[in-house]
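Inspection log for the structure reproduced underneath, given as structure tokens.
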Amino acid sequence: MVVLSVNAGSSSLKFKAYDMPEETVLISGVFERIGMKDSFYTIKINGEKIRKEEDLNNHEKAFEILMEELLENKIVDSLDDIKAIGHRIVQGGSYFDKTEEMTEENIKKVKELSSLAPLHNPAAVKGIKAAINVVPNALQTGAFDTAFHQTIEEENYLYPVPYEWCEKYQVRKYGAHGTSHKYVSSRMNEILGRYNTKLITCHIGNGASISAIKDGVCINTSMGLTPNAGLMMGSRCGDMDATVVTYMMRSLECTPEEMDTILNKQSGLLGISGISSDSRDIEDGMKIGNQRCALAQKMFARKIIDHIAKYYVELGGCDGIVFTAGIGENSIHTRREVLDGLSVLGVKIDEEANDCRGIERLITGYFIASRAATRIACSVATILAGLIAALLKITVRKGKKIQVVTACTLAFVIEVVHMLLVYITNTNDLEFVIGIYRKVVGPMIVANVV
Ligand code: AMP
């Protein structure tokens, strides 16, 4: 069964076709400069990347060409083979807490939320409408960046401003990057082998956000009404004294739109370094002794550390920290700086393991034994204990009775305590061993998830 995922921007359309349920990517690509001069598209198929110039007047035209490519490349025999199209939508407001079918009524709601995401939601609506026109028989669904954060409680999503602002103007925290936080947290749970976990997921890319996730449910996240909240980012300022905005609007005599541009596009790493919003350029700048780059990087890492520490307290501990997105997956330096800053919480980076880019890996030097391995280890331990007991018995025959009684009683007590702890803590053997390990070595497993 072929399923298509699309991400419509104001002048672009990214796509991937999957063979389901295997999730094999059949073809992927992007249409660019839609509605502009010099529009073109690139497709990646069988490891080959092809670029074609084409007039793309609107999203519908892009969809039509996409369908032609799917037919020509024999991804589908007919458009009816495409069973579903999933659309990425940035803002779902308080309406959407999960992926939903894009019915007429739901499309209306997405459109209504445009004031909260003026660059993204109107583009998504265009994409959905184009897809319905071109592939009317496919199920159309919307996956929202905000949906995963809808479980956040009122005390965490409200701002301490007049209460009516939320009621009347929908001013509250919605968060973003929800699909990413959801995926990496469930992947981390798979790695840990359990689901009753406390996780802190760090999506650190050009846009950056951190979420606190308990038992698979998001309890807090760093982005807010808009993505310009929480962490310092590539070109966004993130959290700061709100009065700076009004003070500087008066000082610079600038309009709200101009201030939006400064805070979203000229701040963050770019604003402080004065060089670039790209973390690779910042790292290169640091290597040649650029002090402003060094300062930007320090501030960038500081905000990540602060948020992780805050969520550690909010979660009441933490089983794992996850890094993902461009910087999280690739910047060895940023991960090291952040984890070093968290050493007080018991995080200990494994320098060798951290020396990687774009691969999934545990980077705190923690070895997760498989359940089978733990079982084997327990059996070996039991056999050894039996052998020792047998040897002691021989000694007993020689008259040292007291040793056997002590050894047997001790083994019995240890086993009873072990079983009781496993029962009380509702864990299995592996989790019990991990629990002990954490107490002894450090509380957290940190993974790079791509
Ligand atoms: P994203 O928004 O997730 O695409 O991430 C973009 C960010 O990832 C940019 O700041 C890039 O500099 C950063 N990035 C990508 N590759 C690397 C790398 N190898 N080392 C450091 N940063 C990287």
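Since this is a predicted model, take the numbers as computed values, not measurements.
The CG atom of L295 sits 10.5 Å away from the CG atom of L269 when rounded to the nearest 0.5 Å. Taking OG1 of T151 as the start and CG of D97 as the end, the distance is 8.5 Å to the nearest 0.5 Å. Here CD1 of I288 is found 6.5 Å from CG of N290. Values are rounded to the nearest 0.5 Å. Separating the CE atom in M248 from the OG1 atom in T246 is a distance of 11.0 Å, to the nearest 0.5 Å. From L345, atom CG reaches atom SG of C318 across 8.5 Å, with rounding to the nearest 0.5 Å. Atom CG of D355 is separated from atom CD of E352 by 8.0 Å, given to the nearest 0.5 angstrom.
Geometrically, K109 engages Y95 in a cation-pi contact, judged by NZ or CZ lying under 6.0 Å from the ring centre and within 45° of the ring axis.
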Fill in: Stepwise salt bridge (Lys or Arg N to Asp or Glu O under 4.0 Å) test for R194 and D319
CA-CA 11 Å; R194 64 197 180 101; D319 298 302; 3.1 Å; yes

Fill in: Intermediate values then yes/no, side-chain hydrogen bond (donor to acceptor under 3.5 Å, both in side chains), D281 and S276
CA-CA 6 Å; D281 297 337; S276 172; 2.7 Å; yes

Worksheet item: Hey, mind stepping through S209 and H203 against side-chain hydrogen bond (donor to acceptor under 3.5 Å, both in side chains) and telling me if it holds?
Response: CA-CA 5 Å; S209 64; H203 178 113; 5.6 Å; no

Worksheet entry | Step-by-step side-chain hydrogen bond (donor to acceptor under 3.5 Å, both in side chains) determination, S94 to Q170 | CA-CA 9 Å; S94 304; Q170 292 80 51; over 6 Å; no

Practice prompt. Could you give me the CA-CA distance, side-chain angles and deciding distance for R187 and E360, then say whether salt bridge (Lys or Arg N to Asp or Glu O under 4.0 Å) is met?
Written response: CA-CA 10 Å; R187 178 72 197 116; E360 186 178 296; 2.7 Å; yes

Worksheet item: After noting the C-alpha distance and the side-chain angles of N189 and T197, does the key distance pass the side-chain hydrogen bond (donor to acceptor under 3.5 Å, both in side chains) rule?
Response: CA-CA 7 Å; N189 280 340; T197 53; 2.5 Å; yes

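Within a 6.0 Å radius of CD in E105, no more than 12 heavy atoms belonging to other residues, nucleotides or ligands are found. More than 12 heavy atoms of other residues, nucleotides or ligands sit less than 6.0 Å from atom CG of D241. Within a 6.0 Å sphere centred on CD of E22, other residues, nucleotides and ligands contribute more than 12 heavy atoms.
In this structure, the salt bridge (Lys or Arg N to Asp or Glu O under 4.0 Å) partners of R302, at least two apart in sequence or on a different chain, are D306. Applying the salt bridge (Lys or Arg N to Asp or Glu O under 4.0 Å) rule to E351 yields the partners R336; only residues at least two apart in sequence or on another chain are considered. Shown here are the salt bridge (Lys or Arg N to Asp or Glu O under 4.0 Å) partners of E32, two or more places apart in sequence or in another chain: there are none.
Closest approach of E329 and R335 over heavy atoms only: O-NH1, 3.0 Å. Nearest heavy atom pair, residue T146 against residue G92, reads OG1-N, 2.9 Å. Across K129 and I107, no two heavy atoms sit closer than the pair CE-CG2, 4.3 Å. Closest heavy-atom contact between F63 and A131: CZ-CB, 3.5 Å. Residues V338 and I305 share a closest heavy-atom pair of O-CG1, 3.7 Å. For T221 against K173, the heavy-atom pair with the smallest separation is O-NZ, 2.5 Å.
Contact annotation: the side chain of R88 approaches that of D145 to within less than 4.5 Å [non-hydrogen atoms, C-beta and beyond]. A heavy-atom distance below 4.5 Å is found between the side chains of Q297 and E337. Between H59 and I34 the shortest side-chain heavy-atom distance falls below 4.5 Å. Within the 4.5 Å cutoff, the side chain of I89 has heavy atoms near those of the V110 side chain. K182 has its side chain out of reach of I213: every pair of non-hydrogen atoms, C-beta onward, lies at least 4.5 Å apart.
Classification of the H181-H177 ring pair by plane angle, with boundaries at 30° and 60°, yields tilted. Between F31 and F15, the angle of the ring planes lies from 30° to 60°, which puts this pair in the tilted group.
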